Every structure is written in C-alpha cells, then in structure tokens.
Asks: 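Before I ask anything, here is the structure I am working with.
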Amino acid sequence: MADRLARALAYGGTVGALAAVTTGLVEEARRRHGTAPTATAALGRALTGALLLAATIKRDERLSLEFSGDGPLRGVLADATPDGDARGFVLRPGTHLPPRRGKLDVGGALGRGLLCVMRVPLADGALYRSVVPLESGEIGADLAGYLLASEQTRAAVGVGVFVDTDGRVVAAGGYLVQALPGAADQALDAVASRIERVATPSELVRDGLGPVDMLQALVGDELSLLGERPVRFRCRCSRERVAAAIVAMGRAEIESVLATDRHADVTCEFCSTRYELNERDLQGLLEAAAG
Ligand code: ZN
C-alpha cells in the first residue's frame, strides 16, 4: 500500500474527515535518522499529524509542529505541506522506553511540555503561531487539544505507528475527524462513539485498509469523498541552500573555517543529508560573502 491521504465530508458537509497511510515515509524517516522504536513512533505520529493538519490549511502555507517535553526524547519536530511533503526529526533518536499497556510509550518519552503549531507562508505573509500545553504527549490527543484550545474545533485525532521486532516500521497512519460549521451535536456524538469502537490507525493499516477504507470505517457510509493523493518524505534542503547559509555567516567566519578546518561538513537536521564543501567551494563562497 503506497502512502496516501484521503479527504472527505460527511453529515451534509458538517463533518470533515481525513485519513492517511504513512508506512513508507515513516520507515524512510526511521532509516534516515536511525531512530530507536519509541523515538520512531513519536516521529512517525508527528509526521502523520503534520500531514493531516497540513491538508486542512491554505495551499500557500506549510504547517510545522514542535513538541517539546521534559522526558528523555526532549522534542519532536515535523513539518508538512498541503501537497503532501513531510519531513521531521527527534532531538534524541536513540530514545527507547519499555512499552506501556502493550504500546510504545511516546507519552513517557516526551513527558510534560508544550506543543507549538505554526503556519508558515511559502512566500510573503504573516506567520501564525500557537502554543498549548501537551495533553498526554501521545501526539494524537495533543493535536486534538490544540484544535479545541486554539481553533475552537471539536476533533478526534488518531495517529499510530507499528514497529516490528527488528525496529522497522510495518504500519503507520492516522485520521482527523473534525466538526465544521453547522455540525449538530447528534452527528458529532454518533461519529465519536463510532470512532471509539474502531481499531487504532496502525491496526487498520496493518489489516490492509487504505485511507478511503479507513474513512468508511470511521465515519460510515454518509461519506462524500473529496480526493485522495500521495504523501511522501521530502526535505527542502539542497546544496544551494547550504551554500547560501554559509555565505550568510559572513566573510570573517568563512575565513576562519578556511584557516582551521579548510572544509565544512553540514548535515541537514530534518533529513540527515550530509553536504561536504571543500576548500575551493569555500573560497568561491568567500567572494560572494559580505565583508
Ligand atoms: Zn534536508
């Protein structure tokens, strides 16, 4: 099952529902960052949550989630675009805790802390930023808490990652079901009680359900599908961006690197891609840098 995200409306357009299968992109994130199982689950849930929330915003913005806590993982960053590109990392990739109630203990790994949600314009425009306390550190409940506190939206958010005994990601996915203007309490209660009976997102994905099947399981037949599209792990870093960042350090800083290390190794924190710049590269950048 390729990674995909589906969007739908239900109950006459008063309930919005999204679901995603993200197994491939979460496994790619695990490989890139070498995360241990609990860290993999935290990163995968955050990446999936970022994709789901990004699918609800304007097309000229990207969405960024920053979870920070006092637990051993310290923090998770994930960002995604409405087009379905996601990238992210955790601060302590080696974090692994004993499972709690048969599940990877993401809440224990994050601990108590804050969730910062940002919507960043791709070109010009104002940045939107909201900070809320973590509800449980389990990611899904934290995102629902954010939607209620900051956007006054009643929502259910489920995100899950199943990691095999060898550490690889076998299934990952999630859903977001939210009340839209005009939603009746009766419809919301019906959806909520249905969601409570449905298996977890990673179980649904393990059972071979795609995003549209997941929406049907979650919301029922009253579904009008808006669309389905691929999602993927993709970072925006490039050699050009790394060069621009070095130029921005200024002439004195580049001269000091040339005088000591004579080369620069830069690793992108979002995707772990390593960029090497040798003496000639740095000399070229020196000419572009301001005094
Ligand atoms: Zn990158």
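Worth knowing before you read on, the calculation uses all heavy atoms, side chains too, and leaves out hydrogens, waters and symmetry mates. Everything numeric here is computed off the predicted structure, so don't read it as measured data. Just so you know, ligand 1 is whichever comes first in the structure, and atom 1 is the first atom listed for that ligand.
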Asks: Closer than 4.0 angstrom, basic N to acidic O: yes or no for Arg7 and Glu228?
Replies: no
Asks: Provide the full list of side chain to side chain donor-acceptor pair (under 3.5 Å) pairs with a residue in residues 160-171, sequence neighbours left out, each pair given once.
Replies: Asp166-Arg168
Asks: With a 4.0 Å cut-off on N to O distance, would you call Glu253 and Arg251 a salt bridge?
Replies: no
Asks: Please give me the protein atoms (N, O or S only) lying under 2.8 Å from the Zn ion (ligand 1), ordered by chain and number.
Replies: Cys235 SG, Cys237 SG, Cys268 SG, Cys271 SG
Asks: Does NZ or CZ of Arg87 lie under 6.0 Å from the centre of the six-membered ring of Phe270, at an angle within 45° of the ring axis?
Replies: yes
Asks: Give the cluster check for Val90 versus Leu25: same hydrophobic cluster or not, with ILVMFWY residues linked at side-chain heavy-atom distances below 4.5 Å.
Replies: yes
Asks: Passes side-chain contact (heavy atoms from CB on, under 4.5 Å), Leu73 versus Thr38? Steps please.
Replies: CA-CA 9 Å; Leu73 188 66; Thr38 311; over 6 Å; no
